[in-house]
Amino acid sequence: MRIATWNVNSVNARLPTVLDWFSEAQPDVACLQEIKCVDEKFPREAFEDLGYNVETHGQKTYNGVALLSKFPLSDVRRGLPGDDSDDQARYIEALVEAPAPVRVASIYLPNGNPLGTEKFDYKLAWFERLRLHASDLLTHEEAVALCGDFNVIPTPEDAKNPEAWVTDALFQPESREAFRALKWLGFADSHELGDEPAGTWTFWDYQAGAWRRDHGIRIDFALLSALAADRFRGIETHRDARDMEKPSDHVPVVVDLDPEPPAWSMR
DNA sequence: ATGGTAGACCTTCTA
């Protein structure tokens with residue numbers, strides 16, 4: 001089973017290139033972030049024509065996440081639990097009804113810039129809500145894949161120029177601690193399971209020639225619970241997508257899982 | 001060098 005995650009930075013602004021990528025990469029499941037449209041404006045039919053079931057949690061202008069799957073989707077949850085006053089569309093989760101099911105979440109974690117504002121407080125509070133919800137998911141002993149733009153640079157090795165990010169919300173000790181706390185609940189970072197080299201970035205800013213100078217960071221992840229991690233077969237970061245016409249500033253990360261559940265889980 | 005670009009959209013916010 002092939003699961004992709006991609007922050008597309010407006011699905012409608014670059015629909016032709018996104019559809020081209022889907023036709024080529026053929027993911028079974030895709031998590032999109034920053035669709036930047038309400039549910040009614042999502043190009044649902046274009047993806048249905050490629051064979052996908054479509055679930056969205058949209059928002060006007062900002063944010064918005066989607067789940068696409070060639071397998072049926074059930075038990076769809078829109079919005080991260082824990083704060084009824086939070087109206088930002090940053091979380092959608094569903095059970096992918098494959099022969100070996102996987103619960104998949106598409107996550108767009110708050111950016112948190114600039115420091116010293118309520119935006120950074122919101123980021124940390126959102127991270128804590130995600131940790132609590134993820135902890136709850138793990139009690140169900142399902143294969144879980146938390147996929148998306150986590151807006152955190154976990155270690156200096158996850159940036160070409162870490163010193164350029166020391167005053168940025170993505171590289172603050174509090175952000176990195178929150179990411180570790182989430183991971184240490186019992187998730188494997190697919191990148192660490194795979195064999196991609198150091199310097200595998202997932203984001204390059206549009207500004208200051210970041211792409212030309214390869215000033216990238218790794219902030220898009222697929223975190224796998226034990227039952228999913230044991231099915232890990234490979235990971236591929238689609239760097240070439242940054243060179244498409246009208247590219248997103250993020251590229252897709254694609255993870256392949258064994259379609260069968262691990263034998264130990266059946267005992 | 002404190003810039004630069006991109007997207008949605010009402011003049012500015014978010015990233």
Side-chain angles (χ1 to χ4, degrees), chain A residues 5-21 31-44 46 56-66 79-80 85-91 106-127 130 147-154 158-172 174-176 178-179 201-221 238-253:
Chain A
T5 180
W6 193 8
N7 179 325
V8 291
N9 186 22
S10 172
V11 67
N12 286 310
R14 62 190 95 266
L15 185 60
T17 47
V18 169
L19 293 174
D20 282 350
W21 182 84
C31 304
L32 302 184
Q33 300 88 38
E34 280 205 273
I35 62 174
K36 289 190 171 179
C37 63
V38 294
D39 295 338
E40 297 71 33
K41 296 267 179 71
F42 187 87
R44 159 181 297 271
T56 59
H57 184 36
Q59 182 179 336
K60 190 181 176 187
T61 308
Y62 306 120
N63 311 318
V65 286
L80 184 64
S85 69
D86 182 5
D87 54 4
Q88 298 191 29
R90 296 178 174 276
Y91 186 91
S106 179
I107 294 170
Y108 179 45
L109 212 128
N111 174 293
N113 281 303
L115 297 179
T117 67
E118 68 287 345
K119 289 175 186 297
F120 190 61
D121 296 335
Y122 175 67
K123 178 190 190 114
L124 296 180
W126 207 95
F127 237 134
L130 178 60
C147 305
D149 173 3
F150 284 73
N151 265 318
V152 61
I153 302 167
D158 296 306
K160 176 70 174 287
N161 290 114
E163 63 278 7
W165 297 92
V166 291
T167 60
D168 193 286
L170 277 63
F171 198 49
Q172 291 314 293
E174 296 92 335
S175 307
R176 295 163 60 186
F179 181 75
W201 317 126
T202 68
F203 168 90
W204 298 257
D205 201 292
Y206 289 120
Q207 304 181 70
W211 169 242
R212 182 171 49 80
R213 293 135 67 109
D214 195 31
H215 286 181
I217 53 178
R218 192 177 71 90
I219 59 175
D220 297 87
F221 311 119
H238 285 220
R239 178 185 174 93
D240 290 354
R242 192 61 177 79
D243 249 343
M244 295 190 312
E245 187 139 351
K246 270 170 72 75
S248 170
D249 40 5
H250 297 250
V251 296
V253 176

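Just so it is clear, the structure is predicted and the values come from calculations on it, not from any experiment. The chains referred to below are lettered A, B, ... by the order of the sequence lines, with proteins before strands, and numbering in each begins at 1.
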Scanning both residues in full, the closest heavy-atom pair of A:Ile217 with A:Ala159 reads CG2-CB, 3.7 Å
Phosphate-side-chain proximity, A:Lys60 and B:dA8, N/O vs OP1/OP2 below 4.0 Å: no
Could you tell me whether the phosphate oxygens of B:dA15, OP1 or OP2, come under 4.0 Å of any side-chain nitrogen or oxygen in A:Lys36? no
Once you round it to whole Å, what is the distance between [atom2] of [N] and [atom1] of [X]?
| X | N | atom1 | atom2 | answer |
| --- | --- | --- | --- | --- |
| A:Trp204 | B:dT5 | CH2 | C1' | 17 Å |
| A:Leu15 | B:dA8 | CG | P | 12 Å |
| A:Asn9 | B:dC13 | CG | P | 19 Å |
| A:Asp249 | B:dG7 | CG | C1' | 10 Å |
| A:Arg212 | B:dT5 | CZ | P | 11 Å |
| A:Asn12 | B:dC9 | CG | C1' | 14 Å |
| A:Phe150 | B:dA15 | CZ | C1' | 18 Å |

[X] side chain: which of [options] is closest?
| X | options | result |
| --- | --- | --- |
| A:Gln207 | B:dA8, B:dT5, B:dA6 | B:dT5 |
| A:Tyr62 | B:dC13, B:dC9, B:dA15 | B:dC13 |
| A:Tyr206 | B:dA15, B:dG7, B:dA6 | B:dA6 |
| A:Thr61 | B:dA15, B:dA8, B:dA6 | B:dA8 |

For [X], answer base if it contacts any base atom (sugar-phosphate contacts may also be present), sugar-phosphate if it contacts only those atoms, and nothing otherwise; contact means non-hydrogen atoms under 4.0 Å.
| X | value |
| --- | --- |
| A:Tyr108 | sugar-phosphate |
| A:Arg90 | sugar-phosphate |
| A:Arg14 | sugar-phosphate |

Donor-acceptor pair, A:Lys123 side chain versus A:Asn111 backbone, under 3.5 Å? yes
Report the residue (A:His250 or A:Asp205) whose heavy-atom-nearest nucleotide on DNA chain B is the more 5′ of the two. A:Asp205
For A:Phe203 and A:Ala208, find the nucleotide of DNA chain B closest to each by heavy atoms; which residue's nucleotide sits nearer the 5' end? A:Ala208
Other residues, nucleotides and ligands only: do more than 12 of their heavy atoms fall within 6.0 Å of CD on A:Glu245? no
Aromatic ring pairing A:Phe179/A:Phe221, orientation class (parallel under 30°, perpendicular over 60°, tilted between): tilted
Between B:dG7 and B:dG3, how far is it from one P atom to the other, in whole Å? 22 Å
Can you check the distance between B:dC9 and B:dG4, where both ends of the measurement are the P atom (answer in whole Å)? 25 Å
For A:Arg242, is there an ion pair with A:Asp214 - N to carboxylate O distance below 4.0 angstrom? no
